[in-house]
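Input: a single structure, listed below in structure tokens.
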There are 2 protein chains.
Amino acid sequence: MRVSREQMAENRERILDTAATLFRERGFDGVGVADVMKAVGLTHGGFYGHFSSKDDLAAQALGRAFVHSGQSAAEARASEPQAPRRAIIDRYLSPAHRDDPGHGCPVAALGSDTARQGEASRLAATEGVRAAIKGLCAITPGATADERRTSAIASYATLVGALVLARMVDDAALSDEILAAARAELCSAEA
Amino acid sequence: MRVSREQMAENRERILDTAATLFRERGFDGVGVADVMKAVGLTHGGFYGHFSSKDDLAAQALGRAFVHSGQSAAEARASEPQAPRRAIIDRYLSPAHRDDPGHGCPVAALGSDTARQGEASRLAATEGVRAAIKGLCAITPGATADERRTSAIASYATLVGALVLARMVDDAALSDEILAAARAELCSAEA
DNA sequence: CTCTTTATATGATGCTGATCATGTAAATTC
DNA sequence: GAATTTACATGATCAGCATCATATAAAGAG
């Protein structure tokens, strides 16, 4: 059955958002095209009217995840204008973020996966990382722009690594300790 | 055809080492049982005489990867006894390590994958991370043991995150810049 | 209102991969 | 060295999954 043009556009958006969440939760290989479509409320048949392949979907969904992630960072920043860096760090390293990969940072959720993905996904990731670094530069202290950029990249790495480690281990206390250690380091040092 | 007991034990070791490499290169889902056996020079039939399932193999191979990773760190430390921390950082953040995930850090290569893996793999990861933190504590400066531990965990996170980011992006210059930024931060700051 | 277009549904198709069944020849055992 | 065990090979089974073919009913064009 056919749907209206705007209904179709909305369906496409929902496929992208749903895929962005499912991929982050279960990995690129852990989610099938049919899974995504079913979660949206459609069947697998219509998929190839929207995307040319699963790889195509993966790349676009990854881009979408980066956009949402940037919006979340902007939101955190705006919520505490006098300490934006701390607000972002606290949100990123929160247990809530750790326990909800589907709506969180795509680097922490899909980083090692993406390194093995096709060119389109790698490009989306490159754009996303570039944008994130730029965003972090704006709230990172430092004398020169170069210093700020170096420091922003290092902070980004610490955030990502701490979240990956915290999700990897099977011990709640150790996981919490990892998040706390990264928070402490990032908030004390202003390199 | 049957082989001798020691030949069998050696085969088992080679299966584990080969799996540890292949999984890091292609991810848990990117490698089949038959792939591993073929790489060892055997056929898929004998696999279940050595391991109870692919999950079982994954967990044991992950443990193996952590052991090798620890040995590599010890080697780096020993090669430069007067600056062991710097030696480890330089090796971890080298382009050579970035470009050879199959023989490198299992957290950077399989971190986001492992978080979605079964209990056995999660346990192996927890042990591995614990051991890595302990090893880093020994070469991390700081007034108290608590301070050293916090700093060691944060450094570990920075290393992991930088390598994940450097592998994810599709731009050689940006990738190099990420490695260099993490190196700069880790070697300048002694928090 | 009729005709055409098309977004989606239903239902193949073909491949990959985990696991199991059975055979075989070489190693152990006695 | 005969009997038995067993590590591995060959080949099947079964399920999941990407992709394609065809049908259908609703949207949009005239």
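Proteins get letters first, then strands, A, B, ... in listed order; numbering begins at 1 in each.
B:Phe51 places its CZ atom 13 Å from the P atom of C:dT19, with the value rounded to the nearest Å. Rounded to an integer number of Å, the gap from NE2 of A:His44 to P of C:dT13 is 13 Å. The CD atom of B:Gln7 sits 19 Å away from the P atom of C:dA25 (whole-angstrom rounding). At whole-Å resolution of the value, CE in B:Met8 and P in D:dC8 are 6 Å apart. D:dC17 atom P lies 13 Å from atom OH of A:Tyr48, rounded to whole Å. Following rounding to the nearest Å, A:Arg2 (CZ) and C:dC3 (P) show an atom-to-atom distance of 17 Å. Residue B:Ile15 contributes atom CD1, which lies 11 Å from atom C1' of D:dA7 at whole-angstrom precision. As rounded to whole Å, 20 Å separates atom P of C:dC15 from atom CG of A:Asp29.
The phosphate of C:dT8 has OP1 or OP2 within less than 4.0 Å of a side-chain N or O from A:His50. Under 4.0 angstrom from either OP1 or OP2 of C:dT8 there lies at least one side-chain N or O belonging to A:Asn11.
Residue-level contact check: B:Val31 touches the backbone only, with heavy atoms under 4.0 Å from sugar-phosphate atoms and none from bases. Note on B:Ser4: only backbone sugar-phosphate atoms sit closer than 4.0 angstrom, heavy atoms only; bases stay farther off. At a threshold of 4.0 angstrom between heavy atoms, the contacts of A:Gly45 include nucleobase atoms, whether or not backbone atoms are also involved.
In this structure, of D:dA18, C:dT19, C:dG17, it is D:dA18 that holds the atom nearest to the side chain of A:Val33. Side chain of A:Arg5, nearest nucleotide from C:dA18, C:dA7, D:dA18: C:dA7.
Hydrophobic clustering places B:Leu62 together with A:Leu174 (ILVMFWY residues linked when any side-chain heavy atoms are closer than 4.5 Å, directly or through intermediates).
In this structure the side chain of B:Glu80 reaches within 4.5 angstrom of the side chain of B:Gln82, judged on heavy atoms.
Here B:Glu25 does not pair with A:Arg116 in a salt bridge; the nearest charged N to carboxylate O distance is not below 4.0 Å.
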